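Here the structure is a predicted model, which is why all the values come from computation and not from measurement.
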Amino acid sequence: MTEEAQTRFVALRGEAAEGLGDYQATLSLPGASACVIIEDAAKSSYQCSWTYGLGAAEAHAAFDRLLTGLRTCLADVASEEKDRSVNHPDTYASYAFRMPGSVTSINLKNKSALKSTLVSIRIDGPLPAR
């Protein structure tokens with residue numbers, strides 16, 4: 001995916017996705033509720049999310065598996081950062097793995113208004129020069 005990030009995910013673009021992002025992704029991760037390619041002026045992103053019942057143990061287990069897998073896979077090539085907390089009462093956990101030319105982020109969010117817990121992964125690239 002980091003190679004795809006360098007090409008702005010061109011090979012993974014499907015049809016335009018109304019309300020979900022710029023394009024539907026042709027590669028969907030197992031069990032994902034939605035996978036999209038989102039573009040803005042600074043970057044392109046591949047994002048997949050999974051939706052669970054609010055506070056579901058399965059959501060926390062899926063997030064933990066994803067975090068462990070990324071730590072194992074990217075240990076030698078990425079620096080890990082725990083994201084800062086957000087200012088709202090819903091549960092939120094986020095980690096970012098920075099590599100040359102891309103960042104992979106995972107999130108766990110309780111959304112009480114949606115009665116859902118969301119797990120997501122986002123791969124951003126290419127990144128603007130610092």
Gap between atom [atom2] of [Y] and atom [atom1] of [X] - 0.5 Å precision:
{"X": "Leu29", "Y": "Ser49", "atom1": "CG", "atom2": "OG", "value": "10.0 Å"}
{"X": "Glu4", "Y": "Leu12", "atom1": "CD", "atom2": "CG", "value": "4.5 Å"}
{"X": "Ser44", "Y": "Ile37", "atom1": "OG", "atom2": "CD1", "value": "7.5 Å"}

ask   = In the single-linkage hydrophobic clustering (I, L, V, M, F, W, Y; side-chain heavy atoms under 4.5 Å), do Tyr52 and Leu118 co-cluster?
value = no

ask   = Short question: side chain of Trp50, backbone of Pro30 - any donor-acceptor pair under 3.5 Å?
value = yes

key: Main-chain N/O of Gly55 paired with Thr117 side-chain donor or acceptor, under 3.5 Å   = yes

[X] and [Y]: which non-hydrogen atoms are nearest, and at how many Å?
{"X": "Met99", "Y": "Leu74", "answer": "SD-CD2, 3.8 Å"}
{"X": "Thr26", "Y": "Arg13", "answer": "CG2-O, 3.6 Å"}
{"X": "Ile38", "Y": "Asp22", "answer": "C-OD2, 3.9 Å"}
{"X": "Thr51", "Y": "Ser116", "answer": "CG2-OG, 3.7 Å"}

Should [X] and [Y] count as side-chain neighbours, where that means a heavy-atom distance under 4.5 Å?
{"X": "Ile106", "Y": "Val119", "answer": "no"}
{"X": "Leu27", "Y": "Tyr46", "answer": "yes"}
{"X": "Ser105", "Y": "Val103", "answer": "yes"}
{"X": "Phe9", "Y": "Ile123", "answer": "yes"}

message = I'd like to know whether Gln47 forms a side-chain contact (heavy atoms from CB on, under 4.5 Å) with Ile121, so could you lay out the CA-CA distance, the side-chain angles of the two residues, the decisive distance to 0.1 Å, and finally the verdict.
response = CA-CA 6 Å; Gln47 181 172 322; Ile121 184 168; over 6 Å; no

ask   = Going through the checks in order, is the side-chain contact (heavy atoms from CB on, under 4.5 Å) test met by Tyr92 and Asn107?
value = CA-CA 7 Å; Tyr92 177 78; Asn107 299 289; 3.5 Å; yes

key: side-chain contact (heavy atoms from CB on, under 4.5 Å) between Glu39 and Tyr23, worked out   = CA-CA 9 Å; Glu39 289 194 331; Tyr23 300 95; 4.2 Å; yes

message = Do Arg71 and Tyr95 form a cation-pi contact, if we require the NZ or CZ to be under 6.0 Å from the six-membered ring centre and within 45 degrees of the ring's axis?
response = yes

